[in-house]
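Let me begin by presenting the structure, written as structure tokens, before commenting on it.
No hydrogens, no waters, no symmetry mates; every other heavy atom, side chains included, goes into these values.
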Number of protein chains: 2
Amino acid sequence: MTAHPELTRNQALVLKALGQAEIPLSAYTILDLLRDDGFRAPLQVYRALDKLQELGLVHRLESISAFVACAHPHCHAHEIIAFAICRTCGRVNEFSDAGIEERLGRWIEAHKFEPEKTTIEMSGLCAACADPSNGASVGA
Amino acid sequence: MTAHPELTRNQALVLKALGQAEIPLSAYTILDLLRDDGFRAPLQVYRALDKLQELGLVHRLESISAFVACAHPHCHAHEIIAFAICRTCGRVNEFSDAGIEERLGRWIEAHKFEPEKTTIEMSGLCAACADPSNGASVGA
DNA sequence: ATGGCATACGTTATAGCATTACGCAATCGA
DNA sequence: TCGATTGCGTAATGCTATAACGTATGCCAT
Ligand SMILES: [Zn+2]
Ligand SMILES: [Zn+2]
Ligand SMILES: [Zn+2]
Ligand SMILES: [Zn+2]
């Protein structure tokens, strides 16, 4: 399902590390996780991340300088993606909203701006962390 | 007009530096600009920036790790702010859109998320840089 | 097969961004 | 006067990302 035969060994290892994590990982955390697999330098991680981002399999969260595996590894080439990031448990919710895309599209047209990358990130508390009595579990 | 008697000397110097710049500045660039005013260490800049952000006079652009003076130094306490950042000339356009705010509000309500900070940044080419024949000048 | 090109890799060093930790000084209200 | 708060100055450190080098590999047109 999420197999990508095109991936090199390094790219596959980085993607696997991100896929197994419940929260976003920094490049240096990934490096540490992959030391046993022969990783020695940040560039090995960054190069793999670059490629994975190109392929749409990984996203960078600008506001926390960390990376997540795409939650919808199908093609969302044309969608604008948004993230809700919990500052307590670290969990991330990836979603898209046609309405937001349409509003931004209006602004872009009116101002003749040519966007190449759009970042939408909300930081705050997820439902579980905001109200622990609500039943959901809070990760380690 | 933009005077804030509450500001300390360091805060006022940082705000002035940002106000005179046409593009966002990194903390270390601000530090260099203010060496003649006695600034010696990054922390002097970061502490001033923290306070200025609290006051809503400065924004941090997450996607480029840089800071801008607020373009609308009146109160926009309740608005969600968005930025269009030109990757060529570096100029930034700050705006807000009630429609986007409303759409995000819907998602937040549906998911019981409690946002504390929202980041919306578009990178790309401004009208002048995308089509130089269009008349506008392209900054240094 | 051979040469040229493109892509990925490995390593070292360096650049750029941000915070921790400590102590001092000024301010303000109890 | 005391204690609390806030800001300041300095040094050290940590985290994030890229530059620059050379090597290896696969592919393809010659
Ligand atoms: Zn995705
Ligand atoms: Zn949470
Ligand atoms: Zn503003
Ligand atoms: Zn421009």
Side-chain angles (χ1 to χ4, degrees), chain A residues 4-18 21 23-55 57-68 83 85 87 90 92 117 119 121 123, chain B residues 4-18 21 23-55 57-68 83 85 87 90 92 117 119 121 123:
Chain A
H4 274 258
E6 313 288 1
L7 296 184
T8 66
R9 169 182 150 86
N10 282 7
Q11 291 158 13
L13 284 168
V14 168
L15 182 58
K16 184 178 162 205
L18 286 173
I23 60 174
L25 301 178
S26 77
Y28 280 76
T29 299
I30 296 172
L31 175 58
D32 286 339
L33 289 173
L34 296 180
R35 294 235 183 245
D36 291 344
D37 293 297
F39 275 52
R40 322 253 73 180
L43 214 47
Q44 294 175 282
V45 178
Y46 282 109
R47 287 202 270 233
L49 286 170
D50 283 348
K51 190 65 180 180
L52 292 169
Q53 287 178 267
E54 266 182 50
L55 296 172
L57 298 174
V58 162
H59 304 293
R60 178 171 198 272
L61 300 177
E62 308 284 355
S63 62
I64 57 173
S65 295
F67 302 84
V68 280
F83 300 90
I85 306 165
R87 72 162 159 79
V92 170
K117 172 147 197 260
T119 298
E121 297 175 17
S123 293
Chain B
H4 274 256
E6 312 289 0
L7 296 184
T8 66
R9 169 182 151 86
N10 283 6
Q11 290 158 15
L13 284 168
V14 168
L15 182 57
K16 184 177 162 206
L18 284 173
I23 59 175
L25 301 178
S26 77
Y28 278 73
T29 299
I30 296 170
L31 175 58
D32 287 339
L33 289 173
L34 295 180
R35 295 235 183 245
D36 291 344
D37 294 297
F39 276 53
R40 322 253 71 181
L43 211 49
Q44 294 174 284
V45 178
Y46 283 109
R47 286 201 273 231
L49 286 171
D50 283 347
K51 190 66 181 179
L52 292 169
Q53 287 178 266
E54 264 182 51
L55 296 172
L57 299 173
V58 162
H59 303 293
R60 178 170 199 272
L61 301 177
E62 307 284 355
S63 62
I64 58 174
S65 295
F67 303 84
V68 281
F83 300 90
I85 307 165
R87 72 161 158 79
V92 171
K117 172 147 199 257
T119 298
E121 298 174 17
S123 294

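- Distance Ile30(A) CD1 to dC15(D) P: 15 Å, rounded to the nearest Å.
- Within the 4.0 Å cut-off from OP1 or OP2 of dA8(C), not a single side-chain nitrogen or oxygen of Thr8(A) is found.
- Contacts with DNA chain C (heavy atom under 4.0 Å) in residues 40-51 of chain A: Arg40(A), Ala41(A), Leu43(A), Gln44(A), Arg47(A), Lys51(A), listed by number.
- In this structure, CG of Leu34(A) is placed 15 Å from C1' of dG10(C), rounded to the nearest angstrom.
- Put simply, the side chain of Glu121(B) gets close to the backbone of Glu62(B): a donor and an acceptor are under 3.5 Å apart.
- dG7(D) atom C1' lies 12 Å from atom CD of Glu54(B), rounded to whole Å.
- Between Asn10(B) and Ala48(B), the shortest heavy-atom distance links the atoms O-CB, 4.0 Å.
- For residues 36-51 of chain B, the set of pairs meeting the side-chain hydrogen bond (donor to acceptor under 3.5 Å, both in side chains) definition, not counting sequence neighbours, is empty.
- Dashed line: the shortest gap from a side-chain N or O of Ser65(A) to OP1 or OP2 of dT16(D) is not under 4.0 Å.
- Put simply, CG on Leu31(A) is 13 Å from C1' on dG10(C), counting in whole angstrom units.
- In terms of heavy-atom proximity, Pro24(B) sits nearest to Gly90(B) at CD-O, 3.1 Å.
- In this structure, Tyr28(B) forms an aromatic stack with the base of dC17(C), since both conditions hold: centre separation below 5.5 Å and plane angle below 30°.
- A 4.5 Å side-chain heavy-atom check between Leu55(B) and Leu7(B) finds at least one atom pair inside the cut-off.
- In the set dG9(D), dC17(C), dT16(D), the nucleotide with an atom closest to the side chain of Asn10(B) is dG9(D).
- Within the 4.5 Å cutoff, the side chain of Gln11(A) has no heavy atoms near those of the Val14(A) side chain.
- Atom pair Phe39(B):CZ and dG7(D):P shows a separation of 14 Å (rounding to whole Å applied).
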Could you list, one pair per line, each protein nitrogen or oxygen that sits under 3.5 Å from a nitrogen or oxygen of nucleotides 26-29 of chain C, together with the distance?
none

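- Regarding Leu7(A), its CG atom lies at a distance of 10 Å from the P atom of dC9(C), rounded to whole Å.
- Between the CD atom of Glu62(A) and the P atom of dT16(D) there is a distance of 14 Å, given to the nearest Å.
- Between the CG atom of Leu25(A) and the C1' atom of dT16(D) there is a distance of 15 Å, rounded to whole Å.
- No more than 12 heavy atoms of other residues, nucleotides or ligands sit less than 6.0 Å from atom NZ of Lys16(B).
- When all heavy atoms are compared, the tightest approach of Leu25(A) to Ala17(A) is CD1-O, 3.8 Å.
- Between Leu13(B) and Phe39(B) the shortest side-chain heavy-atom distance falls below 4.5 Å.
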